[in-house]
*Asks:* 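Input: one structure, supplied below.
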Amino acid sequence: MNITLFSSKSYDKEFFDKVNVESNFNYNISYVEQRLDLSTVDLLEAGQDVVCIFVNDDASRPVLEALKAKGVKIVALRCAGFNNVDLEAAKELGFQVVRVPAYSPESVAEHAAALLFTLNRNTHKAYNRTKDANFNLENLTGICLYGKTAGVIGTGKIGLAMIRILRGLGMRVVCVDPYQNQAAIDAGAEYVDFDELYKVSDVISVHCPLFKENTHFLNKEAFAKMKDGVILINSSRGGLLNTEDALEALASGKLRGLGLDVYEYESALFFKDLSNEVLKDDLYTRLIMNPRVLLTGHQAFLTEEALTSISNTTLSNIKEVVETGKATNTVLN
Ligand code: NAI
């Protein structure tokens, strides 16, 4: 089995190589640093059976056609979301497409909570100030989260982990999901509709997948229904939020703070060191220049536990497809 990872970083290599040997998969794994798209498909060496991709790799129809022509049979996503794969094309072209549906959901929720804590209490600003011996406390005031209401959108694995954290802080938690999760109710969350969630929440955290239908559902209409001064956290997918509308909501005071681990145009930016370049994305520049925005570069998954689990599940998915022709973690119906 020859496997090539696109968008690979040192931590991918470290954990995939370790799990490959320790769990006796013993596959031939190659690593390509570049993101997969039509211009990088040719970096794939001959004889590769599996292409393993991450959140910002492009698995659109033309890319899948090029992969097929090179003899690739399996597209193994090493992430949960699969909005970057043209599933119709993948099916037509006869690919098996597998993903990692869960890998330490607590890791992602803990990062969302870190964004909330940092943004609320301005510890990122305080860190810079105290390094400069500036002990002025002006503009560092936060709110006490205890007794406030948090709205959680999406109560699957990560949403549930977030509910448990928020309940642990002594917050009331209301939530929205087309499917009720009994564990969320048992953890003390109350299901409401979107209008009610927007009306009562002091903090809103988003934990649902991105589909065509919910693209930009967090837009000016949604902000209009929210309380003034809400803190919004998005660690799910950038496309869920209309960034332009969010900047307006920050300017008007509707949003007190915006904590993001994802950005709708992140595929051109994230996972690379662009610190020496002049960025051409004005929307991004306006976002990071805003003092009420805290942004991390899609790192909510980045814990040792999650990386071990991602490597294990990805290689097990491939093994299952090779041995049985089917995959429990398929994304194709
Ligand atoms: P999950 O599949 O366990 O839960 C998602 C939940 O969202 C489901 O209960 C589903 O019914 C609900 N949902 C679907 N559409 C909805 C809508 N329009 N409104 C409200 N709820 C809706 O997925 P999991 O593992 O909790 O992951 C959630 C999302 O987090 C992923 O889809 C992915 O986009 C993102 N993610 C981000 C990571 C990061 O590093 N920033 C890492 C892993 C996941």
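All of these numbers come straight from a predicted model, not from anything done at the bench. Order of appearance sets the numbers: ligands from 1, and atoms from 1 within every ligand.
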*Asks:* What I'd like to find out is whether the side chain of V63 reaches to under 4.5 Å of the side chain of V41, using heavy atoms alone.
*Replies:*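 The answer is yes; the side chains approach within 4.5 Å.
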
*Asks:* For D261, take its heavy atoms, then give the atoms of ligand 1 lying under 4.0 Å from any of them.
*Replies:* 39 (C), 40 (O), 41 (N)

*Asks:* Using a strict 4.0 Å cut-off to heavy atoms of P178, name the atoms of ligand 1 that fall inside it.
*Replies:*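 The list of qualifying atoms is 13 (N), 16 (C), 20 (C), 21 (N), 22 (C).
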
*Asks:* Please determine whether residues I163 and L115 belong to a single hydrophobic cluster, defined as Ile, Leu, Val, Met, Phe, Trp and Tyr linked transitively by side-chain heavy-atom distances below 4.5 Å.
*Replies:* yes

*Asks:* What is the distance from atom CG of L218 to atom CD1 of I153, rounded to the nearest 0.5 Å?
*Replies:*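 The CG atom of L218 sits 5.5 Å away from the CD1 atom of I153.
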
*Asks:* Show, in sequence, the C-alpha distance, side-chain angles and deciding distance for Y198 and F223, and conclude whether the ring pair (Phe, Tyr, Trp, His ring centres under 6.0 Å) test is met.
*Replies:* CA-CA 8 Å; Y198 291 149; F223 293 133; 8.4 Å; no

*Asks:* With a 4.5 Å cut-off on side-chain heavy atoms, are Q34 and S8 touching?
*Replies:* no

*Asks:* Can you name the atoms of ligand 1, numbered from 1 with element, that are less than 4.0 Å from a heavy atom of P209?
*Replies:*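 Near P209, meaning under 4.0 Å from one of its heavy atoms, ligand 1 has 5 (C), 7 (O), 13 (N), 14 (C), 32 (O).
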
*Asks:* Could you check atom 33 (C) of ligand 1 against the protein and tell me its nearest heavy-atom contact, residue, atom and distance included?
*Replies:*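 Ranked first by proximity to atom 33 (C) of ligand 1 is R237 NH1, 3.6 Å.
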
*Asks:* Distance under 4.0 Å to a non-hydrogen atom of C208: what atoms of ligand 1 satisfy this?
*Replies:*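 Counting from 1, the qualifying ligand atoms are 7 (O), 13 (N), 16 (C), 21 (N), 22 (C).
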
*Asks:* Evaluate N219 against D245 for side chain to side chain donor-acceptor pair (under 3.5 Å), listing each step before the verdict.
*Replies:* CA-CA 6 Å; N219 54 22; D245 290 358; 5.4 Å; no

*Asks:* Would you check if the distance from the ring center of Y179 to the ring center of Y191 is below 6.0 Å?
*Replies:* no

*Asks:* Any side-chain donor paired with an acceptor under 3.5 Å for N56 and E266?
*Replies:* yes

*Asks:* Which atoms of ligand 1 are found less than 4.0 Å from any heavy atom of Y179?
*Replies:* 11 (O)

*Asks:* At what distance is the nearest protein heavy atom to atom 38 (C) of ligand 1, and which residue and atom is it?
*Replies:* S235 O, 3.8 Å

*Asks:* Without hydrogens or angle criteria, can the side chains of T296 and H111 be said to hold a donor-acceptor pair below 3.5 Å?
*Replies:* yes

*Asks:* Considering only protein heavy atoms, which is closest to atom 27 (O) of ligand 1, and at what distance to one decimal place?
*Replies:* I158 CD1, 3.3 Å

*Asks:* Has I153 got any heavy atom lying under 4.0 angstrom from an atom of ligand 1?
*Replies:* yes

*Asks:* If you have a sec, work out which protein heavy atom is nearest atom 15 (N) of ligand 1 and how many Å separate them, to one decimal?
*Replies:* F211 CE1, 4.0 Å

*Asks:* Taking side chain as C-beta onward, heavy atoms only, is K319 less than 4.5 Å from F25?
*Replies:* yes

*Asks:* Is it the case that the side chains of E320 and T328 hold a donor-acceptor pair, with the cut-off being a distance below 3.5 Å and no angle test?
*Replies:*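 Side chains of T328 and E320: pair found under 3.5 Å.
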
*Asks:* Strictly by modelled atom types, are D281 and Y263 linked by a side-chain donor-acceptor pair under 3.5 Å?
*Replies:* yes

*Asks:* Could you find the nearest protein heavy atom to atom 28 (C) of ligand 1 and give me its residue, atom name and distance?
*Replies:*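 Its nearest protein heavy-atom neighbour is H207 O, 3.4 Å.
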
*Asks:* Could you find the nearest protein heavy atom to atom 19 (N) of ligand 1 and give me its residue, atom name and distance?
*Replies:*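 Looking only at protein heavy atoms, the one closest to atom 19 (N) of ligand 1 is F194 CZ, 3.8 Å.
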
*Asks:* Nearest to atom 4 (O) of ligand 1, what protein heavy atom do you find, and at what distance?
*Replies:* G156 CA, 3.2 Å

*Asks:* Answer side chain, backbone, both or neither: which part of D177 comes under 4.0 Å from ligand 1, heavy atoms only.
*Replies:*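 Both of them.
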
*Asks:* Heavy atom under 4.0 Å from ligand 1: found in V108's side chain, backbone, both, or neither?
*Replies:*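 Side chain only; the backbone of V108 stays clear of ligand 1.
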
*Asks:* Measuring from non-hydrogen atoms of A102 to any atom of ligand 1, is the shortest distance under 4.0 Å?
*Replies:*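 The answer is no: ligand 1 sits nowhere under 4.0 Å from a heavy atom of A102.
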
*Asks:* With F54 as reference, evaluate F270, F82, F271, F6 under the ring pair (Phe, Tyr, Trp, His ring centres under 6.0 Å) test and give the passing residue.
*Replies:* F271

*Asks:* Looking only at heavy atoms of G81, does any of them come nearer than 4.0 Å to an atom of ligand 1?
*Replies:* no

*Asks:* Just to confirm my output: which protein heavy-atom neighbour is closest to atom 40 (O) of ligand 1, and how far is it?
*Replies:* F301 N, 3.2 Å

*Asks:* Which atoms of ligand 1 are found less than 4.0 Å from any heavy atom of A300?
*Replies:*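 Once the distances to A300 are compared, the set is 39 (C), 40 (O), 41 (N).
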
*Asks:* Are F194 and F217 an aromatic pair, judged by ring center distance below 6.0 Å?
*Replies:*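 So the answer is yes for these two rings.
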
*Asks:* Please work out, at 4.0 Å between heavy atoms, whether the side chain, the backbone, both, or neither of Y103 comes within that distance of ligand 1.
*Replies:* side chain

*Asks:* I need the contact type for H298 against ligand 1. Using non-hydrogen atoms and a strict under-4.0 Å cut-off, is it side chain, backbone, both or neither?
*Replies:* side chain

*Asks:* Quick one: does ligand 1 sit under 4.0 Å from the side chain of K157, the backbone, both or neither, non-hydrogen atoms only?
*Replies:*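 It is both parts that get close, each with some atom under 4.0 Å.
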
*Asks:* Below 4.0 angstrom from a heavy atom of V176, which ligand 1 atoms are there? Numbered from 1 as shown, please.
*Replies:*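 Counting atoms of ligand 1 from 1, those under 4.0 Å from V176 are 20 (C), 21 (N).
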
*Asks:* Any heavy atom of S236 closer to ligand 1 than 4.0 angstrom?
*Replies:* yes

*Asks:* Do the side-chain N and O atoms of D177 and T155 include a donor-acceptor pair separated by under 3.5 angstrom?
*Replies:*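 Yes.
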
*Asks:* Check ligand 1 against G154 and write out every atom of the ligand that is under 4.0 Å from a heavy-atom position of the residue.
*Replies:* 7 (O), 20 (C), 21 (N)

